[in-house]
2 protein chains.
Amino acid sequence: MKASTRFSDSIHILAFINIYQGNLPLTSNNIAASIGTSPVMVRRLMSQLRKAGLLNTVHGAAEPTLAKKPADISLYDVYLAAEDGAPLFTIDRKTNPQCIVGGNIQETLGEVYHEAEVAAEARLSRTSLQDIIDSIQVKQAKKNAR
Amino acid sequence: MKASTRFSDSIHILAFINIYQGNLPLTSNNIAASIGTSPVMVRRLMSQLRKAGLLNTVHGAAEPTLAKKPADISLYDVYLAAEDGAPLFTIDRKTNPQCIVGGNIQETLGEVYHEAEVAAEARLSRTSLQDIIDSIQVKQAKKNAR
DNA sequence: TTATTTGTAACTTAATAAATTACAATAAAG
DNA sequence: CTTTATTGTAATTTATTAAGTTACAAATAA
């Protein structure tokens, strides 16, 4: 399938809101222009972030605010909101149950895939939105210094 | 996108060959019937496994053999062969370089995503094809005992 | 020879991420 | 109040790509 950028775009939205708060109208249009996507996609993602308790929005007004401090939002929180916790590896569900391999491999792979996913998720949990914002600002400062 | 099952199907192929060697003709047709896919897809995946040095095949003869001992083939080896090392997380490449966020977030996310991927890959590296085969056999034995 | 199978290319189908269009609901400015 | 801007969401279209299908040359083996 076409690979989803919902996770990356959702982090982008949250970082944008934090960085440009008070300096720019935080409309879905302005945010979309920074991401390079459509305002509708931005509003859809913001809707999911709001439902996940990461963002506050006001219907009709361009005043989104983070629902938590950036240090208290992990990338895993954002992943859960944006991709609905989609698994990183895909089990083939069409295997033949009459066959020793086909009849057991789904459960076997499910166990291993889960452990690999937990390892990745643990790493995402250790990085906060604040870390991302800091990294963006440092990279920008280096550009400005040149 | 439609999620790829190439990784799972490739593990299936290798386990099938090891388990049914000598008991069943190892044709792409028989393997495909166990996976629930087409013989062409099986041959395509076997071709990639051969190029990765995991499998030996004979043009015209249904005699594939593992190129290494199952204990010496890790799931990460198979992942590299099957998915060509595709990243687990997707960076949005269309972000606006004029914006502080859009101009720096790709590099920032690239660093974090890479670390999360390394964590998952490390876990896959710790599981061998032999572990998968053992797990399948144990699950089957439990079914037979009922 | 003849039948079987692999290996691969070309094309089609199906699934789905994102874009687009449309519009009701809300907010805010004058 | 009325007008304008905006959010929130549904419905539809477009684009991408994984998998399926068809076709056939090349190799094997009976």
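To find a chain, count down the sequence lines: A is the first, B the second, and so on, and within it residues start at 1. Note that the structure is a prediction, hence the values are computed from the model and not measured.
Atom CG of A/D84 has 12 or fewer heavy atoms from other residues, nucleotides or ligands within 6.0 Å. Residue-environment remark: CG (A/N144) exceeds the threshold of 12 foreign heavy atoms within 6.0 Å.
Ranking D/dG8, C/dA28, C/dA9 by closeness to the A/E63 side chain, first place goes to C/dA28. Relative to the side chain of B/T5, the nucleotides D/dA19, C/dA9, D/dG8 differ in distance, and D/dA19 lies closest. Among C/dA9, C/dA19, D/dG8, the nucleotide with an atom closest to any side-chain atom of B/V40 is C/dA9.
Whole-Å rounding puts the A/K51 NZ to D/dT7 C1' distance at 13 Å. Look at CG on B/L45: it is 14 Å from P on C/dT6, rounded to the nearest Å. Distance, A/R93 CZ to D/dA19 P: 15 Å, rounded to whole Å. Straight-line distance from the CG atom of B/N56 to the P atom of D/dT28: 14 Å, rounded to whole Å. In this entry the distance linking CE of B/M46 with C1' of C/dT8 reads 14 Å, nearest Å. C/dG7 atom C1' lies 14 Å from atom CD1 of B/I13, rounded to whole Å. Atom CE in A/M41 sits roughly 16 Å away from atom C1' in C/dA22 (whole-Å rounding). Per the geometry, CZ belonging to A/R43 stands 13 Å off P belonging to D/dA10, to the nearest Å.
The base of D/dT7 sits within donor-acceptor range of the side chain of A/H59, with an N or O pair under 3.5 Å. Checked by distance alone, B/R44 brings a side-chain donor or acceptor within 3.5 Å of a matching partner on the base of D/dG20.
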_One pair to check against side-chain hydrogen bond (donor to acceptor under 3.5 Å, both in side chains): B/S47 and B/R43. What are the steps and the verdict?_
CA-CA 6 Å; B/S47 176; B/R43 295 202 289 271; over 6 Å; no

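Taking the six-membered ring where tryptophan is involved, the planes of A/F89 and B/F7 are tilted, since the angle between them lies from 30° to 60°. Using the six-membered ring where Trp is involved, A/Y20 and A/F16 have ring planes that are tilted, between 30° and 60° apart.
Of the possible polar contacts, one joining the B/D77 side chain to the B/S74 backbone as a donor-acceptor pair under 3.5 Å is found.
Donor-acceptor pairing under 3.5 Å is recorded for the side chains of A/S128 and A/D131. Side-chain atoms of A/H12 and A/S34 form a donor-acceptor pair, as typed in the model, at a separation below 3.5 Å.
Regarding contacts with the backbone of C/dT6, every side-chain N or O of B/S47 stays at 4.0 angstrom or more from both OP1 and OP2. Residue B/T37 places at least one side-chain N or O closer than 4.0 Å to OP1 or OP2 of D/dG20.
Both A/R6 and A/G60 lie close to DNA chain C; mapped to their nearest nucleotides by heavy-atom distance, the more 5′-ward contact belongs to A/R6. Mapping B/D9 and A/A62 onto DNA chain D by nearest heavy atom places A/A62 closer to the 5' end of the strand.
Residue-level contact check: A/S38 touches the bases, meaning some heavy atom is under 4.0 Å from a base atom. Using a 4.0 Å heavy-atom criterion, one finds that B/V58 contacts the sugar-phosphate atoms exclusively.
DNA chain C is contacted by B/L26, B/T27, B/S28 of residues 19-31 of chain B, taking any non-hydrogen atom closer than 4.0 Å.
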